[in-house]
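One structure is given below, encoded as structure tokens.
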Amino acid sequence: SFIFFSSLLKNRILISIIASLFFALAASGHQATSWIAADINTHGSVIFGLLALIVLYNFNKIWLSIIFLITSLLFKEATVAFFIILPLMIYIFDKRRFLKNWVSYLKIPLVGFSYLFFRFSMFFFQRANVEDQIVTETQSLFDIIVNIVTFPAKIFSQSVIPSGQLLSLAKSITKILPAGISGLYGTTAFDVYTEQVTLQILNWTIFLAGLLVLIYFGRKAKNRIVKKTAIFGFIFAVLNSYIYVLSPGRSGNIPVIDSRNIYLPSLGAFLFLVSIIFILSKNKIIKTLLILLPLLFLNIFWLEKELAFMANRGTERKQILYQIKSLYPTLPEKTIFYFVSDT
């Protein structure tokens with residue numbers, strides 16, 4: 001990520017390092033690393049996606065970029081929007097180069113169209129695993145449309161501020177409201193209102209604030225490179241959010257995005273955040289660091305809390321499993337374990 005950021009920012013090393021640290025240490029997408037089941041495919045996809053961006057931007061190797069992108073998709077299809085992002089990146093940062101070679105860059109979306117055609121055609125073939133699902137089996141068309149509209153706001157806001165902290169803030173706000181509106185605190189009605197109403201208002205507030213800031217500085221900022229980087233970062237986060245709408249297994253309006261699904265879009269969100277703060281600081285490195293470093297340490301603090309929570313929960317589960325193993329070393333074919341919980 002550092003190589004990619006420094007390329008876009010024209011070797012502004014300190015700013016690129018800070019942006020990379022945000023991406024690496026942010027609590028918002030920690031599940032991509034902390035959850036072993038998501039680690040290899042998510043990181044493999046992101047690494048080869050970054051290689052596709054780097055070789056196209058720095059060396060203009062179109063076919064090598066496409067090969068890296070296809071390799072990325074073999075790990076996880078999170079980078080499918082790169083078929084649009086790759087040529088768009090060249091258009092934003094080097095319009096003259098894009099217009100001069102637009103026919104060559106057209107290969108990327110054409111390969112993308114062929115890939116999507118191949119993937120959709122697979123729906124009509126017999127599946128090897130009968131347990132596999134597609135999104136239309138778990139979500140209605142209305143829910144899919146709602147998630148398409150709302151996912152960019154949810155993913156952008158939950159990239160900048162982790163969903164756990166946003167939920168805590170949403171609960172604090174909901175407590176202020178009359179119980180007749182939000183439901184009694186501690187009840188299911190209260191939690192549903194918090195997630196489906198208060199949290200969504202916070203998501204849209206952060207997203208629209210980011211969009212307004214982008215529009216304002218898109219007109220006022222004099223540093224063209226950093227301005228273009230902010231624009232690209234925002235678009236990157238938005239375009240990479242849509243693929244997760246098609247993830248099966250969830251139903252209804254999804255209020256909280258899984259942490260692992262925020263990992264890739266957060267790359268663009270943090271690129272946007274760092275670029276905007278650099279513009280706000282009037283291109284002064286020291287001022288930029290004075291603003292960004294406290295935010296970075298806050299993210300590290302949130303990350304430590306998330307990992308500690310996971311570790312404590314994992315320890316409890318491990319103890320239960322060891323107890324079962326010690327009491328019942330050999331299980332019969334049909335076994336039922338009955339647990340009584342406090343909730």
Side-chain angles (χ1 to χ4, degrees), residues 1 4-10 15-16 19-20 22-23 26 28-29 45-46 49-54 56-58 65 69 72-73 77-99 102 105-106 108-109 112-113 116 147-160 203-204 206-221 223-246 257 261-280:
S1 63
F4 177 58
F5 290 161
S6 60
S7 299
L8 296 184
L9 290 164
K10 301 300 180 186
I15 301 302
S16 301
S20 299
F22 267 106
F23 177 59
S28 54
S45 179
V46 172
L50 283 169
L51 286 173
L53 292 164
I54 290 167
L56 182 67
Y57 185 80
N58 290 344
S65 178
L69 176 52
S72 169
L73 294 169
E77 290 179 311
T79 54
V80 70
F82 277 38
F83 287 116
I84 299 172
I85 288 171
L86 285 166
L88 184 63
M89 174 182 65
I90 303 300
Y91 178 81
I92 290 173
F93 286 96
D94 196 343
K95 189 175 180 180
R96 185 181 300 177
R97 173 176 149 192
F98 178 86
L99 294 175
W102 70 271
Y105 293 122
L106 193 61
I108 300 172
F113 177 79
L116 291 175
N147 286 323
I148 287 174
V149 173
T150 59
F151 258 49
K154 294 172 185 175
I155 284 185
F156 179 83
S157 62
Q158 292 174 33
S159 295
V160 178
N203 287 334
W204 280 103
I206 295 170
F207 178 77
L208 292 175
L211 181 60
L212 291 174
V213 167
L214 181 65
I215 293 170
Y216 178 79
F217 285 110
R219 295 178 178 179
K220 300 289 184 180
N223 192 322
R224 295 183 64 190
I225 294 299
V226 181
K227 178 171 69 174
K228 288 178 180 180
T229 305
I231 293 170
F232 177 73
F234 192 88
I235 294 173
F236 185 97
V238 170
L239 291 181
N240 281 301
S241 66
Y242 293 117
I243 183 62
Y244 301 110
V245 177
L246 302 177
I257 310 300
N261 294 337
I262 293 176
Y263 185 69
L264 176 62
S266 72
L267 190 148
F270 289 122
L271 191 59
F272 164 82
L273 177 67
V274 170
S275 300
I276 287 297
I277 290 178
F278 187 64
I279 294 171
L280 274 169

[atom2] on [Y] to [atom1] on [X], rounded to 0.5 Å:
X	Y	atom1	atom2	result
L106	F113	CG	CZ	12.0 Å
I262	S28	CD1	OG	6.0 Å
R219	L214	CZ	CG	11.0 Å
F156	N203	CZ	CG	11.0 Å
F4	L8	CZ	CG	4.0 Å
L212	L208	CG	CG	6.5 Å

Over 60° means perpendicular and under 30° means parallel, so tell me whether F5 and F23 are parallel, tilted or perpendicular. perpendicular

Walk me through it: do L50 and L267 pass the test side-chain contact (heavy atoms from CB on, under 4.5 Å)? CA-CA 10 Å; L50 283 169; L267 190 148; 3.6 Å; yes

Mind listing the closest non-hydrogen atom pair of [X] and [Y] along with its distance?
X	Y	value
S159	P265	OG-C, 4.4 Å
V226	S275	CG1-O, 3.4 Å
K227	F217	CD-O, 3.5 Å
I243	A78	CG2-O, 3.8 Å
I108	P87	CG2-CD, 4.0 Å
M89	L53	CE-O, 3.5 Å

Does the side chain of T79 come under 3.5 Å of the side chain of S72 through a donor N or O and an acceptor N or O? yes

Would you say [X] and [Y] make side-chain contact, with heavy atoms under 4.5 Å?
X	Y	value
K154	N147	yes
F98	D94	no
L56	Y105	yes
I90	L86	no
Y244	L264	yes
F151	N261	no
F278	N223	yes
F82	L73	no

Under 3.5 Å: donor-acceptor pair, side chain of Q158, backbone of I257: yes

What side-chain donor-acceptor pairs closer than 3.5 Å can you find for residues 229-242, not counting sequence neighbours?
residue	atom	partner	partner atom	Å
T229	OG1	I225	O	2.8
N240	ND2	F236	O	2.9
S241	OG	V238	O	2.5

I would like to know whether F270 and S1 meet side-chain contact (heavy atoms from CB on, under 4.5 Å); could you show each step before the answer? CA-CA 11 Å; F270 289 122; S1 63; over 6 Å; no

